Structures are given as C-alpha cells and as structure tokens.
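The block underneath contains the structure these notes are about, expressed in structure tokens.
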Amino acid sequence: MKKTSLLFALLFLFTSLSQAQLISERTAGKVIIGADIFTDFSTGEKYDNFNLRDINQGVSVYSMFNFKFDNSPHSASIGVGYTGHNFYIKDAYLAKPYQDVTEFVNVPHDYKRSKINTNYVDIPIEVSFRIADKFKLSAGFKFGLLVGGKSKYIGELYNDDQTYRMKYLKIDNLEKYVYSVTMRAAYRSVHVFMSYQFSDTFKNGAGPSIRPLSIGIGVRPF
C-alpha cells in the first residue's frame with residue numbers, strides 16, 4: 001500500500017511538472033503551476049485522546065503570477081491554489097462532529113483507518129531569490145479559506161468482529177480562515193518545502209489544537 005501511494009505521488013509530481021513547464025514556456029515564465037506532496041506534524045497543545053500517527057500525507061497545487069524585479073533574477077509572486085490535509089488519528093475517532101465541542105472517542109478494538117480531512121482554497125504570496133542560476137530560495141505567506149471538512153472511520157465499534165464504516169461529510173468548529181508561513185529551497189525544478197500554520201485548525205476550545213507543520217517535496221518550473 002505504501003509503495004502504491006509513493007508511485008502515485010511520484011506520477012502526480014511528474015505529470016504536474018510536465019504541464020507546469022509547458023505553461024511556463026508559453027507565458028515566458030510569468031505564470032507558473034506547482035505541486036507539493038507533504039506530511040503533517042501537529043505542533044498544537046496536547047488534547048485529551050487526540051494523537052496523530054507519524055505520517056499524515058497531504059497535497060497542494062497552485063498557480064502563481066511572477067513579478068520580476070528590474071535587472072535582477074529575483075522575483076515576487078502571488079497566486080491561488082488548493083491544499084488538502086489528512087490527519088490520521090491514533091486509537092480514537094471523531095464521534096460527535098456537530099456539537100459545540102468536537103468529541104473524539106477512544107477505540108478499544110481493532111481498526112483500519114481513522115482520519116479527518118480539511119480542504120482549503122489558498123492565496124499564496126512569495127519572494128524568490130535565485131542563486132548561481134541553479135538554486136532558488138523562496139519565503140512567503142499563505143492565506144487559506146476553508147471549503148470543506150470531513151471524517152472517516154473503518155474498524156470495529158462493539159468488539160463483535162464486524163467492520164463498520166462511518167463518514168461525516170461536514171465537521172463543525174473548524175476555523176474558516178487559516179494562516180501559514182512557507183519556505184522552499186529548490187534545485188532547478190525540484191524543491192523541498194516547509195509550511196507552518198500558526199492559526200488553529202479548530203476554533204479555540206472547541207476541538208484539538210492542530211497547527212500543522214508541513215514538510216515535503218514539490219515541483220515547478222525554475
């Protein structure tokens with residue numbers, strides 16, 4: 001399963017780079033498309049029985065317009081994008097998504113998957129610095145607007161050897177707006193990526209304090 005996921009992720013990045021390179025060439029580098037795959041680490045305060053597993057894969061895609069500085073290889077960019085986070089919960093599941101306080105319940109039995117998913121439309125802003133025409137360092141800010149949140153649980157509930165599937169297509173108490181700082185270090189079209197969300201995913205006091213630190217790799221035209 002992990003090998004299959006890795007294969008799809010690499011195929012996704014390769015396809016994204018091919019399309020992004022074509023658009024970049026047609027627009028003389030003024031418009032670019034990029035894609036990132038990453039894993040999330042929660043840096044929020046400990047919350048009852050809410051703990052994340054080690055790998056929480058997510059994805060982001062975006063398009064940006066470049067403003068090149070006069071007589072300089074450096075540039076500033078602004079654009080629009082999408083980010084999807086998957087938070088895989090250890091030994092608990094979302095039981096009450098529509099209450100004033102979001103409640104997670106312990107799983108005393110076997111289970112295959114327990115996660116919540118959040119999706120955002122992003123407005124990224126970056127400043128990029130080229131180094132020796134092969135390397136690029138970028139720093140920026142990302143504003144996210146929540147467009148959806150859902151949960152999924154697959155496993156036992158009553159210790160009866162039955163596998164149950166529970167899905168909630170809406171989660172209350174999620175913050176509508178989130179804010180992050182971003183950094184990238186690129187060698188030509190491939191970069192390592194880091195983003196820190198310094199606002200909580202859930203409203204204060206109404207759910208776990210999730211402030212994801214996202215680390216991953218990505219591609220976009222150099």
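None of the values given here were measured: they were computed from a predicted structure. Excluded from the calculations below are hydrogen atoms, water molecules and symmetry mates; all remaining heavy atoms, backbone and side chain alike, are included.
Aromatic rings from Phe65 and Phe67 are positioned such that their centres are separated by under 6.0 Å. Annotation: Phe87 is not in aromatic contact with Phe50 [ring centroid separation under 6.0 Å not met]. Checked against the 6.0 Å centroid criterion, the rings of Tyr164 and Tyr153 do not qualify as a close aromatic pair. Ring centroids of His191 and Phe135 are separated by 6.0 Å or more, keeping the two rings apart.
Nearest heavy-atom pair, Pro124 versus Gly81, reported as atom, atom and distance to 0.1 Å: CD-N, 4.3 Å. In plain terms, the two heavy atoms of Lys203 and Leu174 that are nearest each other are CE-O, 3.8 Å.
Remark: side-chain polar atoms of Gln99 are not paired, donor with acceptor, to backbone N or O of Val101 under 3.5 angstrom. For Thr201 (side chain) and Ile210 (main-chain N/O), a donor-acceptor pair under 3.5 Å exists by modelled atom type. Checking side-chain atoms of Thr83 against main-chain N and O of Tyr120 turns up no donor-acceptor pair under 3.5 Å. Judged by distance alone, with hydrogens and angles left aside, the side-chain atoms of His74 form a donor-acceptor pair with the main-chain N or O of Arg130 at under 3.5 Å. At least one donor-acceptor pair closer than 3.5 Å links the side chain of Asn117 to the backbone N or O of His85. When atom types are taken as modelled, the side chain of Thr43 and the backbone of Leu213 share no donor-acceptor pair closer than 3.5 angstrom.
No path of Ile, Leu, Val, Met, Phe, Trp and Tyr side chains, each step under 4.5 Å between heavy atoms, connects Leu169 with Leu94, placing them in separate hydrophobic clusters. Under a hydrophobic clustering in which Ile, Leu, Val, Met, Phe, Trp and Tyr are joined whenever their side-chain heavy atoms come within less than 4.5 Å, directly or via other members, Ile131 and Tyr187 fall into the same cluster. In this structure, Met183 is a member of the same hydrophobic cluster as Phe41, with clusters built from ILVMFWY side-chain heavy atoms closer than 4.5 Å. The hydrophobic clustering, which links ILVMFWY residues whose side-chain heavy atoms are closer than 4.5 Å, places Tyr88 and Ile154 apart. Residue Val178 is grouped with residue Ile171 when hydrophobic side chains (ILVMFWY) are merged at heavy-atom distances under 4.5 angstrom, including chains of intermediate members.
For the pair Val31/Asn66, no side-chain contact is recorded, criterion being any heavy-atom separation below 4.5 Å from C-beta on. Contact annotation: the side chain of Val80 approaches that of Val121 to within less than 4.5 Å [non-hydrogen atoms, C-beta and beyond]. Under the 4.5 Å side-chain criterion, counting only non-hydrogen atoms from C-beta, Met194 is not in contact with Phe38. Contact of the Asn106 side chain with the Tyr93 side chain is not registered, since no non-hydrogen atoms from C-beta on lie closer than 4.5 Å. Side-chain contact check for Val219 versus Ser189: every heavy-atom pair is 4.5 Å or farther apart. Annotation: side chain of Gln197 is not in contact with side chain of Tyr179 (no heavy-atom distance under 4.5 Å). Taking the side chain as every heavy atom from C-beta outward, Tyr111 and Asp91 approach each other to under 4.5 Å. You'll find the side chain of Arg220 reaches within 4.5 Å of the side chain of Met64, heavy atoms only.
For the residue pair Asn86 and Lys115, a side-chain donor N or O sits within less than 3.5 Å of a side-chain acceptor on the partner. Counted by atom type alone, Asn56 and Thr39 present zero donor-acceptor pairs between their side chains at under 3.5 Å. Ser128 and Ser138 share a donor-acceptor pair across their side chains, judged by distance under 3.5 Å alone. Judged by distance alone, the side chains of Asn119 and Tyr82 do bring a donor and an acceptor atom under 3.5 Å apart.
To the nearest 0.5 Å, atoms CG (Asn51) and NZ (Lys90) are separated by 6.5 Å. Separating the CG atom in Leu52 from the CG atom in Asp40 is a distance of 8.5 Å, to the nearest 0.5 Å. We find the OG-CD1 distance between Ser151 and Ile116 to be 8.0 Å, quoted to the nearest 0.5 Å. Note: Ile217 CD1 to Asp36 CG = 9.0 Å, rounded to the nearest 0.5 Å. Between the CD1 atom of Ile37 and the CD1 atom of Ile215 there is a distance of 13.5 Å, given to the nearest 0.5 Å. Of the inter-residue distances, the one linking Thr182 atom OG1 with Ile125 atom CD1 reads 9.5 Å to the nearest 0.5 angstrom.
Contact check on Glu126 versus Arg184 returns a salt bridge, with a Lys/Arg side-chain nitrogen under 4.0 Å from an Asp/Glu carboxylate oxygen.
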Item to complete: Before giving the answer on side-chain contact (heavy atoms from CB on, under 4.5 Å), spell out for Lys142 and Val181 the whole-Å C-alpha distance, their side-chain angles and the decisive distance to 0.1 Å.
Response: CA-CA 6 Å; Lys142 184 169 67 174; Val181 292; over 6 Å; no
Fill in: Working for side-chain contact (heavy atoms from CB on, under 4.5 Å), residues Arg113 and Lys152
CA-CA 7 Å; Arg113 183 175 301 166; Lys152 184 176 184 179; 3.9 Å; yes
Worksheet entry | Derivation of the side-chain contact (heavy atoms from CB on, under 4.5 Å) call for Leu145 and Tyr177 | CA-CA 5 Å; Leu145 170 65; Tyr177 308 108; 3.4 Å; yes
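Aromatic ring pairs are classed by plane angle as parallel below 30°, tilted from 30° to 60° and perpendicular above 60°; the pair Phe104 and Phe202 is perpendicular. Using cut-offs of 30° and 60° for the angle between ring planes, the Phe198 and Phe141 rings count as tilted.
Remark: Tyr98 OH is packed, more than 12 non-hydrogen atoms of other residues, nucleotides or ligands lying under 6.0 Å away.
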